[in-house]
There are 2 protein chains.
Amino acid sequence: MKTAPTSADHGEPRWLTDGEQRVWRAYIDATTLLEDHLDRQLQRDAGMPHVYYGLLVKLAEAPERRLRMTELAMSAKITRSRLSHAVARLEKSGWVRREDCPSDKRGQFAVLTDEGRDVLRRHAPGHVAAVRQAVFDRLTPEQQKSLGEIMRIVAEGLQPSEAGADLPWLR
Amino acid sequence: MKTAPTSADHGEPRWLTDGEQRVWRAYIDATTLLEDHLDRQLQRDAGMPHVYYGLLVKLAEAPERRLRMTELAMSAKITRSRLSHAVARLEKSGWVRREDCPSDKRGQFAVLTDEGRDVLRRHAPGHVAAVRQAVFDRLTPEQQKSLGEIMRIVAEGLQPSEAGADLPWLR
DNA sequence: CAGTTTTACTTGAAGACTCAACTTCCCTAT
DNA sequence: ATAGGGAAGTTGAGTCTTCAAGTAAAACTG
């Protein structure tokens, strides 16, 4: 009699097939190379890593160019701790400033400074160019569409909010 | 008269369209969340980050369970410096050992130890499960195939070997 | 409204990564 | 042979990330 599969299944694991392996390795290679490439480009030209650049972009798009720390962290998909350190650094560089939240004394706003806006203006062209050259210029419209769908699915599956959606939470 | 586009084009940059923006942000979100998720899973269960796990896998698959440092670095798409540090750590953990290359006195082999093989055996099931749950279980076969193709294209465009293929190198 | 739990954010130490500089050795051309 | 240049790998300092623990204020709960 075969044992029934359980939630914590220690039976023979479902290894990746050959095809899946190839997909997975291509994914790892591409994401590693790309993140590396963008980090290097931005570090060289703008003096900050890709994530930090992303933070400035989020702030630039926010109303009043400001966001609560937690909102910013969630939007950028990073931990609050990481954001705290990052903002400290960006503050030191003069691109972001902190402001107290009047309605919640625990709260802090991260605010994009004018210098922050300028640094973004100066380096956005180079950054889009890098992204285009590495990704969009190489993919057909169908592939771009497909990439978007796939990435949305994966991202949704990992959102903290949905993290336990498949767990025996509400039976 | 319009100026002709040059290689270092400082004209109005080709910003991402709305659709491209959405694709790109989905990509950033998904890769950030996924790398984070796998790092956390492996750090918790196996005591090492995802990249280090990948290094052990490469070694496990290599003949004699050994690879030259540079080969390993290239195969994992990381710099030699990073690998040097990583192997130092893995050596400290007892999962990898260094060996001199007899034919080239500058050369070093990274060799997977038996403990390294064991740690891999123990934690591979949990890792595949995580990858399946986050990626493959959520994608149709067509999407998986598409993902593979797309990632291969992107990766190829960034390989160090091809890095300057579009530069005026050999006219 | 006092006590408890949550939420918001920060901190410091430890680990990981980058960059530039460095050592050692191989290879080639003269 | 030998000088010059390149390749293999390492190192250390500085930066970034993580993790666990911390403070302070809000939000519950009886």
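So that the names make sense, note that chain A is the first sequence line, chain B the second, and so on, each numbered from 1.
- When heavy atoms are screened at a 4.0 angstrom cut-off, A:Asp100 is found touching no nucleic acid atom at all.
- Residue B:Gln108 places no side-chain N or O under 4.0 Å from the OP1 or OP2 atom of D:dA8.
- Across D:dT18, C:dC26, C:dT18, the shortest atom-to-atom separation from the side chain of B:Asp36 is found for D:dT18.
- Mapping A:Gln43 and B:Gln43 onto DNA chain D via the closest heavy atom, the residue that lands nearer the 5' end is A:Gln43.
- Shown for residues 88-97 of chain A: residues whose heavy atoms fall under 4.0 angstrom of DNA chain D, namely A:Arg89.
- Here the C1' atom of nucleotide D:dA8 and the CZ atom of B:Phe109 are 12 Å apart, to the nearest Å.
- Between the CZ atom of B:Arg40 and the C1' atom of D:dC19 there is a distance of 9 Å, rounded to whole Å.
- The distance from atom CG of A:Leu55 to atom P of D:dT17 is 9 Å, rounded to the nearest whole Å.
- The hydrophobic clustering, which links ILVMFWY residues whose side-chain heavy atoms are closer than 4.5 Å, places B:Ile28 and A:Val51 apart.
- Phosphate contact (OP1/OP2 of D:dA26, side-chain N/O of A:Arg106, threshold under 4.0 Å): absent.
- The A:Thr70 side chain lies nearest to C:dC9 when the options are C:dC9, D:dA26, D:dT17.
- For the pair B:Leu72 CG and D:dG9 C1', the computed distance is 13 Å after rounding to whole Å.
- As judged by a 4.0 angstrom heavy-atom cut-off over every strand, B:Asp104 is placed among residues touching the sugar-phosphate backbone only.
- Between B:Met69 and A:Ser103, the residue anchored closer to the 5' end of DNA chain D is B:Met69, taking for each the nucleotide with the nearest heavy atom.
- One N or O on the side chain of A:Asp39 and one on the backbone of A:His50 form a donor-acceptor pair closer than 3.5 Å.
- One interatomic measurement links the two molecules: NE2 of B:His85 to C1' of C:dA14, which rounds to 15 Å at whole-angstrom precision.
- Annotation: B:Lys58, atom NZ; neighbour count of heavy atoms from other residues, nucleotides and ligands within 6.0 Å is above 12.
- Regarding contacts with the backbone of C:dC9, every side-chain N or O of A:Arg80 stays at 4.0 angstrom or more from both OP1 and OP2.
- OP1 or OP2 of D:dG9 lies within a sub-4.0 Å distance of a side-chain N or O belonging to B:Arg68.
- Computed from coordinates, the B:Leu33 CG to D:dT17 C1' distance equals 16 Å when rounded to whole Å.
- Taking 4.0 Å as the cut-off between side-chain N and carboxylate O, B:Asp114 and B:Arg97 do not count as a salt-bridged pair.
- Taking atom CE of residue A:Met74 and atom P of nucleotide C:dC9, one finds them 10 Å apart after rounding to whole Å.
- For the pair A:Leu83 CG and C:dA8 P, the computed distance is 13 Å after rounding to whole Å.
- Between B:Arg82 and C:dC19, a side-chain N or O to OP1/OP2 separation shorter than 4.0 Å is absent.
- Looking at which nucleotide of DNA chain C each of A:Gly107 and A:Asp39 is closest to, the 5′-most match is held by A:Gly107.
- Note on B:Arg98: only backbone sugar-phosphate atoms sit closer than 4.0 angstrom, heavy atoms only; bases stay farther off.
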